[in-house]
Amino acid sequence: MSMTDHIARLRPVLTWATLAVVIAAGAAQSAAVLRDANPARPDDAQTAEQMFADAPDGVDPVVTGPVSAAFKQRQKDANCDTAVWPNIPKICYPD
């Protein structure tokens with residue numbers, strides 16, 4: 001069997017494998033979008049005071065690095081800019 005025959009036999013396998021990877025990547029992206037679109041996750045019930053028990057003076061939820069537009073909207077919807085320690089919702093902090 002020649003090298004050309006081997007390549008011809010592998011071509012459909014590689015095509016299907018590539019398609020599977022593309023579908024998996026799309027599904028992962030869709031799941032991430034759905035997670036960001038639903039900010040009221042069950043783990044948000046934990047208070048900032050519980051999350052940062054080793055910081056008795058509090059932790060400011062201001063993020064100094066780049067964040068997504070979805071995260072900025074999530075903070076805006078939760079009124080994070082007016083939250084006062086220790087009553088800062090977990091949703092105000094990045095994941």
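The analysis underlying the following values was restricted to heavy atoms, covering all of them including side chains, and did not include hydrogens, waters or symmetry mates.
Within the model, atoms OG1 of Thr82 and CD1 of Ile88 stand 10.0 Å from one another, a figure rounded to the nearest 0.5 Å. In this structure, the separation between CZ on Arg74 and OG on Ser68 is 7.5 Å, given to the nearest 0.5 Å.
Annotation: side chain of Lys72 is in contact with side chain of Val67 (closest heavy-atom distance under 4.5 Å). Between Trp85 and Phe52, the closest side-chain pair of non-hydrogen atoms falls below 4.5 Å.
Panel note: side chain Gln75, backbone Cys92; a donor-acceptor pair is recorded below 3.5 Å.
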